[in-house]
Amino acid sequence: MKFEFIPLDYDYFDFKGRNYVRMIGRTDKGKKVCVVDDYEPNFYLVLENGADAKKIVKNIRKVRIEKAGRVSEVLKTEILDKNYLGKKVKAIRVFVTNHKDLQAIATEIGEVKGILARREFDISLVTKYIKERGVESMKWYSVEGEIIGEEDFGGFANSIDLDVCVSASKIKSLEKNKVFEPKILAYDIETTEVEIGKGEVLMISLYGENFKKVLTWKKCSKAQNYVETFRDESKMLEKFVEYVNEYDPDVLTGYFSDGFDLPYLKAAAQNNKIPLSLGLDGKGPSFTRGRIPSGKISGIVHLDLYRFIRSVFSQYLQSETLSLNEVAKELIGDQKEDFDFSKLSKMTDSDWKDFFSYNLQDAVVTYDLAHKIWPDIFEFSSIVKEPLFDVTRDSMATHVENYILHNLDRFDEIAEKRPLGQEIGERRAKGKYEGAFVFEPVPGLYDDLAMFDFTSMYASVIVTYNLSKSTYLRKDRFSKKAGFFPTMLGEIIDKRKKHKKEYANEPSGMLKARSNAYKLLANASYGYQAYFGARYYCREAAAATARLAKENILSAIKRIEKAGHKIIYSDTDSIAFLSEGKNRKKILKLLEDINSKLPGIMELDLEDFYSRGLFVSKRGKGGGAKKKYALLDSSGKAKIRGFETVRRDWCGLTRNLQSKILEDILEDGNEKAALKLLKNVVWKLKKREVDLNDLIIRTQLRRAIEGYIAEGPHVAAAKKMEAAGIKVSAGMLVSYYVGEVNGKGKRIRDRVFLPNEKANYDIDYYLNNQILPAVENIFEVFGLNVREIIDGEKQEKLF
DNA sequence: GCGGCGCTTATACC
DNA sequence: ACCGGTATAAGCGCCGC
């Protein structure tokens with residue numbers, strides 16, 4: 001039979017000791033199908049110059065190992081002309097029986113004379129399959145094949161529940177370039193405990209197209225009609241499985257569901273001694289090891305939105321935390337409902353009703369969020385050529401690496417190996433190298449500024465100067481012959497430009513996602529070369545990238561100065577300077593002049609014009625503070641960087657006041673209104689009229705409590721939480737305020753109170769450790785000493 | 001008991 | 001451990017007086 005097919009999920013199985021890839025996807029008619037393809041596992045031997053390839057082949061043909069009840073042997077070999085790290089080499093491609101034994105066979109062959117390196121035995125089977133056969137995630141194919149019968153592959157077809165299961169004889173790529181719209185089902189659970197394996201699942205919400213349910217075993221006379229009540233937890237779990245399998249989604253999505261919902265459900269099923277038979281094979285979720293376990297369900301792509309958002313998407317976001325609440329608010333508007341969890345101990349029927357609604361709403365929000373970022377997930381998967389499951393969990397470094405791996409064959413390149421423990425240790429032991437240039441500003445309020453910035457600076461430096469592992473010669477010298485890494489990066493930059501332009505002409509979610517994906521890949525590639533875990537690690541290339549970027553920005557600064565402009569600030573790839581009465585046209589001419597002399601693909605761009613800019617001094621010490629400024633753009637919008645306003649570990653009172661003060665000063669050009677604002681807040685603070693919510697300080701607990709050498713206020717707060725029976729864990733945001741205590745109380749941590757604890761807020765602390773430090777450097781620009789002014793007011797009041 | 005300084009810690013910028 | 005270096009600044013920890 002023949003049909004059109006898009007792969008959504010990949011895995012593999014063994015039959016008679018051989019490997020087969022199994023892809024689950026949809027046909028163009030919307031049928032969920034399984035396509036089985038055979039795979040010939042293989043790796044490479046890179047030969048030394050002048051080695052006797054035929055002799056080596058003769059020797060290795062005999063290699064055979066027995067392991068885990070399997071026999072693996074060398075089935076065939078090919079002698080090929082390939083490239084390895086950019087150099088022409090003779091190589092032997094060694095085909096073996098089973099992918100699982102690649103490493104063992106490579107070890108068995110050993111470091112024989114004539115063999116320079118053994119490579120590509122450390123790439124996953126699915127990645128190798130996609131790389132070699134070109135059957136890529138999120139692309140359309142025409143598939144021809146035989147329906148898999150009941151007896152085939154040891155009764156394989158019986159164990160999975162699908163419309164069709166085929167063994168492919170021909171898979172041909174189709175020229176179809178449209179976004180695939182998956183069938184998404186979102187879920188969320190509420191439980192009595194937060195620890196996996198403890199407590200019970202109170203309810204499970206499910207939300208999809210024309211589908212909304214809340215499953216529970218809590219009886220409630222006021223339950224909404226979408227609530228289904230079961231006899232007990234076990235019956236509820238069974239129905240959950242039934243509904244998911246019946247709905248038959250391509251994607252089952254949750255928020256932090258790898259870390260919570262799915263493992264909790266699995267443990268709850270175990271506690272009830274029932275299977276959680278989700279998925280096509282009915283085996284339920286399996287968890288792959290890792291820092292965070294990844295929950296895999298056969299035939300359904302389990303997608304934890306939190307993980308993709310954290311590793312890929314978070315850099316677009318303004319949100320201070322990656323909670324569903326905040327992320328959803330930013331991306332799809334305010335949707336999440338509130339629920340007071342302290343009610344849980346004594347719930348009325350009406351409370352339960354609210355809780356059901358809250359639970360459902362979380363699934364709705366998750367569903368909407370999944371749709372919102374689907375174009376980004378789709379594009380990432382199709383650009384990086386890795387399955388959805390992996391692409392939504394991999395780090396940026398892995399994305400860069402996968403992009404490279406899947407594009408190496410165009411360069412006839414054999415892939416470099418992944419570093420092992422010892423090598424990682426050696427790489428990490430190397431100290432830091434010198435990084436970016438940051439200009440020390442002179443504190444002051446400036447009028448009429450222009451800002452230039454280099455587009456994708458580090459990436460364009462890598463491309464321009466050909467900086468990579470395979471082009472590195474010796475001591476700061478790199479080959480002139482274009483390497484595959486800089487070439488690929490050049491292509492990434494070109495594609496980013498192309499799609500950005502297309503998006504500008506005809507905006508669409510897909511084009512925006514595509515251009516963003518290329519931008520992110522380009523931006524992550526510099527860090528990749530300095531990352532200890534990278535196959536193509538090259539500290540020298542990374543150090544040279546930083547050094548050459550610095551040379552280029554310093555020479556651009558000189559040119560701008562030479563044209564008669566005073567430099568106000570510069571950080572890494574941007575330069576702010578005074579327009580000096582020159583009009584925009586003249587400044588654009590200057591930009592053009594500089595650009596004409598820039599090397600390679602390097603490009604300076606006009607970032608924006610600003611009517612005012614404020615720079616302050618460092619606290620305590622002299623000199624201008626770097627990475628801290630406020631600018632007013634031509635449309636009247638303030639751009640605030642580094643100030644307490646943008647730091648989440650300062651209280652709301654301070655942040656709001658400082659941001660208003662900065663905006664007032666930028667708009668008025670003087671400090672008069674701002675000073676009034678300050679006096680007003682100080683007055684309110686002293687009269688205890690400030691709302692406690694505005695005084696809460698939030699700080700992340702970045703490790704377990706025992707891990708701290710210095711016990712700061714947030715650690716003290718975490719200890720208090722623990723004492724109150726609240727679970728604390730690394731990564732959580734701790735909230736507290738500083739209040740008055742009797743007797744001892746020298747240290748701030750001794751004056752820490754949790755938000756629900758009653759105390760008088762410590763006026764002195766909020767004045768001297770929050771408000772004044774945040775504003776004094778701003779007023780100092782105008783020659784004012786606000787500490788004296790505030791003290792003066794106090795004196796006046798006394799008299 | 002207190003000032004000073006180094007260190008630890010969190011968070012930001014690019 | 002899951003991309004890099006540069007930077008500010010608070011508050012603890014500890015020393016010396």
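Letters go in sequence order (proteins before strands), and every chain restarts at 1.
Checked against B/dC14, C/dG13, C/dC3, the side chain of A/Lys627 finds its nearest nucleotide in B/dC14. If you check B/dC13, C/dC12, B/dT11 against the side chain of A/Val646, the one that comes closest is B/dC13. Distances were taken from every side-chain heavy atom of A/Val438 (C-beta onward) to each of C/dA7, C/dA9, B/dC13; the shortest belongs to C/dA7. Checking C/dC12, C/dT8, B/dT11 against the side-chain heavy atoms of A/Arg749 singles out C/dC12 as nearest. When distances run from any side-chain atom of A/Thr699 to the nucleotides C/dC3, B/dA10, C/dG13, the shortest one goes to B/dA10. For A/Tyr708, taking side-chain heavy atoms from C-beta onward, the closest of the listed nucleotides B/dT9, C/dG4, B/dA12 is B/dT9. Of all nucleotides listed (B/dC14, C/dG13, C/dA7), C/dG13 comes nearest to the side chain of A/Arg747. Residue A/Lys432 has its side chain nearest to C/dT6 when only C/dA9, C/dT6, C/dT8 are considered.
Under the 6.0 Å cut-off for aromatic ring centres, A/Tyr737 and A/Phe753 qualify, their centroids lying closer than that.
Distance NZ (A/Lys626) to C1' (B/dC14): 14 Å, rounded to an integer number of Å. Per the geometry, NE2 belonging to A/His714 stands 12 Å off P belonging to C/dG11, to the nearest Å. Here the P atom of nucleotide C/dA10 and the NZ atom of A/Lys618 are 13 Å apart, to the nearest Å.
For the pair A/Lys296 and A/Phe389, the distance from NZ or CZ to the six-membered ring centre is under 6.0 Å and the angle to the ring normal is within 45 degrees.
A salt bridge is absent between A/Glu426 and A/Lys430; no separation between the charged side-chain nitrogens and carboxylate oxygens falls under 4.0 Å.
Note on A/Asn769: a side-chain N or O is less than 4.0 Å away from OP1 or OP2 of C/dG11. A/Ser395 has a side-chain polar atom (N or O) that falls below the 4.0 Å cut-off from OP1 or OP2 of C/dC3.
Of the residues in residues 569-577 of chain A, A/Asp571, A/Thr572, A/Asp573 come within less than 4.0 Å of DNA chain B through at least one heavy atom, sorted by number.
The environment of NZ in A/Lys329 is sparse: at most 12 heavy-atom neighbours from other residues, nucleotides or ligands sit within 6.0 Å.
No N or O donor and acceptor, one from the side chain of A/Arg648 and one from the base of B/dT11, sit under 3.5 Å apart.
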